[in-house]
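We number each residue from 1, following the sequence as shown.
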Amino acid sequence: MGLTQEKVAESIDKWLFYGSKLCRLFQLDELYLTTPQKARFYHYYIPVFVWCEDQISQHASKFKDGEEIPPLVIGFSAPQGCGKTTLVFALDYLFRITGRNSATLSIDDFYLTAGGQAELREQNPGNTLLELRGNAGSHDLPFSVETLTALSKLTKEGMKMKLPRYDKSAYSGRGDRADSSTWPEVEGPLTVVLYEGWMLGFKPLANEVVKAVDPQLEIVNKNLEAYYDAWDKFIKAWIVIKIQDPSCVYQWRLQAEIAMRQAGKPGMSDEEVKDFVSRYLPAYKAYLPTLYSEGPNGSHPNHLLLIEIDEARNPIFGI
């Protein structure tokens, strides 16, 4: 990221201000942060926020004085359970406390309705990858285009729109689009859209490559061809969170479900978690190597930040 000690020293007050605000957000005492907590804030969340600010400045500089500046859409491509939602939560908060309007979206918000999912199951009998929501084919792409296009026009004060949300608990966990009366509202002028998802930026591969991973991926790979125009082309800056081994996803999901059960909320059993994650693993095995080596579909190296994390979800630093 080109952040030297000298550069940070020049704006140290800003960094400390962001740090104190994050402590408040996560209800931590800034005088008693543990070393991992300090690393999470000062070596991860705040540097990423500074990078996002720089990307927004570069984006705004492409427009002339008086021209309406559409919000910059930043895509976060990262596996489930790796902490991307918490990162986006922190960044959204930092944008708001520094006086900028931001919107958060997840690819989950564009899943097909329960009825649409049932149709998808019927059209692909026996394909476990399309039996439940998740893989390419299980999203409402026209709805994605409609939403992202509307957000790009939210450039003036007084303009408002509702952001779609998905209810994963509906229909005994099979899920359905949440009622629009529950959707949060966002106001213009919008500076940034933080758009996150486990398969953002995946590129379709040659058929023989995906069939070698899992024959059921062939139709998923075909479905993926429509995703660039529906999602990726709207994204002008990318953050990719890289993991060393996709099997981490199983452990992370298990931890989340155990925490939910301990909190008295309905959570999946260990066997259900295994079954759930197994439907995503073929796509991870097929598409992550290309995502990591070439970047997301349509990305530019100057607008791409790759962050590698360990099993504890902390960034790994090059020496």
Side-chain angles (χ1 to χ4, degrees), residues 77-82 84-85 106-144 164-179 196-228 230-231 243 245-258 260-261 265-288 291:
S77 184
Q80 296 124 314
C82 75
K84 65 182 176 300
T85 306
S106 166
I107 63 172
D108 297 0
D109 299 324
F110 299 125
Y111 279 134
L112 293 168
T113 60
Q117 280 180 48
E119 279 176 38
L120 184 70
R121 268 194 302 279
E122 287 161 20
Q123 289 161 6
N124 299 276
N127 189 324
T128 59
L129 303 184
L130 293 172
E131 192 180 342
L132 300 172
R133 66 177 188 267
N135 283 289
S138 65
H139 303 89
D140 186 337
L141 298 186
F143 183 47
S144 311
R165 291 295 184 253
Y166 190 81
D167 180 4
K168 293 178 182 176
S169 66
Y171 293 96
S172 306
R174 284 188 181 261
D176 196 8
R177 192 167 298 154
D179 189 276
E196 53 107 339
W198 73 275
M199 54 167 279
L200 271 183
F202 281 10
K203 295 177 185 174
L205 302 171
N207 251 347
E208 57 270 22
V209 175
V210 294
K211 280 167 82 174
V213 175
D214 187 329
Q216 296 183 110
L217 264 180
E218 194 174 358
I219 181 71
V220 171
N221 192 56
K222 180 78 182 148
N223 293 338
L224 194 56
E225 290 172 7
Y227 277 65
Y228 174 76
W231 291 356
I243 57 171
D245 182 359
S247 62
C248 287
V249 173
Y250 170 68
Q251 289 303 327
W252 290 335
R253 187 76 207 199
L254 200 57
Q255 288 166 6
E257 295 298 327
I258 289 168
M260 278 174 73
R261 295 201 300 261
K265 296 174 185 171
M268 285 189 265
S269 68
D270 293 6
E271 274 307 306
E272 284 170 328
V273 170
K274 202 168 186 176
D275 175 64
F276 179 80
V277 173
S278 71
R279 298 168 197 268
Y280 293 87
L281 284 178
Y284 285 137
K285 285 174 183 166
Y287 300 112
L288 285 184
L291 180 77

Colleague: Give me the atom names and distance for the closest heavy-atom approach of P142 to D140.
Modeller: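 Where P142 meets D140 most closely, the heavy atoms are CD-OD1, 3.3 Å.
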Colleague: Tell me, do R253 and Y250 make a side-chain contact under 4.5 Å, heavy atoms counted?
Modeller: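 SC-SC contact between R253 and Y250 ruled out.
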Colleague: When rounded to the nearest 0.5 angstrom, what distance separates NZ in K222 from CG in N207?
Modeller: 8.5 Å
Colleague: Counting N and O atoms only, with roles assigned by atom type, does the side chain of N135 sit under 3.5 Å from a partner on the main chain of L130, one being a donor and the other an acceptor?
Modeller: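 Absent.
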Colleague: To the closest 0.5 Å, what do you measure between CD1 (I219) and CG (L120)?
Modeller: 9.0 Å
Colleague: Grab the two heavy atoms, one from D176 and one from T113, that are nearest each other, plus how far apart they are.
Modeller: OD1-CA, 3.4 Å
Colleague: Nearest 0.5 angstrom please: L141 CG to Y227 OH, how far?
Modeller: 4.5 Å
Colleague: Is there side-chain contact between L205 and L217, with at least one heavy-atom pair below 4.5 Å?
Modeller: no
Colleague: Rounded to the nearest 0.5 Å, what separation is found between the NZ atom of K203 and the CG atom of L291?
Modeller: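 It is 8.0 Å, given to the nearest 0.5 Å.
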Colleague: If the plane angle is over 60° it's perpendicular, under 30° parallel, otherwise tilted; pick one for H139 and W231.
Modeller: perpendicular
Colleague: State, yes or no, whether a side-chain contact exists between I258 and L254 at a heavy-atom distance under 4.5 Å.
Modeller: yes
Colleague: Atom CG of L288 and atom OG of S77: how far apart are they, to the nearest 0.5 Å?
Modeller: 7.5 Å
Colleague: Please find the pair of heavy atoms, one from G197 and one from K84, that lie closest to each other, and give the distance.
Modeller: C-CE, 3.8 Å
Colleague: Report the distance from atom NZ of K211 to atom CD of E208, rounding to the nearest 0.5 Å.
Modeller: 8.5 Å
Colleague: Under a 3.5 Å threshold, yes or no: a donor from one side chain and an acceptor from the other, between T85 and E196?
Modeller: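 Judged by distance alone, the side chains do pair up.
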Colleague: By side-chain hydrogen bond (donor to acceptor under 3.5 Å, both in side chains), which residues pair with N221, not counting sequence neighbours?
Modeller: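 In terms of side-chain hydrogen bond (donor to acceptor under 3.5 Å, both in side chains), with neighbours along the sequence ignored, N221 is linked to Y287.
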Colleague: Taking the side chain as C-beta and beyond, is there a heavy-atom pair between E119 and L112 under 4.5 Å?
Modeller: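 They are not in contact (no side-chain heavy atoms under 4.5 Å apart), so the answer is no.
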Colleague: List the atom of G175, the atom of A114, and the distance in Å for their closest heavy-atom pair.
Modeller: O-CB, 3.7 Å
Colleague: Provide the closest heavy-atom pair for F110 versus P164 in the form atom of the first, atom of the second, distance.
Modeller: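 Nearest heavy atoms, F110 then P164: CE2-CG, 3.8 Å.
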Colleague: Tell me which donor-acceptor pairs under 3.5 Å the side chains of residues 277-286 have, and how far apart each pair is, sequence neighbours excluded?
Modeller:
| from | atom 1 | to | atom 2 | distance (Å) |
| --- | --- | --- | --- | --- |
| S278 | OG | D275 | O | 2.6 |
| R279 | NE | D275 | OD2 | 3.4 |
| R279 | NH1 | T128 | O | 2.9 |
| R279 | NH1 | E131 | OE1 | 3.2 |
| R279 | NH2 | D275 | OD1 | 3.2 |
| R279 | NH2 | D275 | OD2 | 2.8 |
| Y280 | OH | R133 | O | 3.4 |
| Y284 | OH | Q80 | N | 3.1 |
| Y284 | OH | Q80 | OE1 | 2.2 |

Colleague: Considering all heavy atoms of both residues, which atom of R177 and which atom of D109 are nearest to each other, and what is their separation?
Modeller: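 It is NE-O, 4.4 Å.
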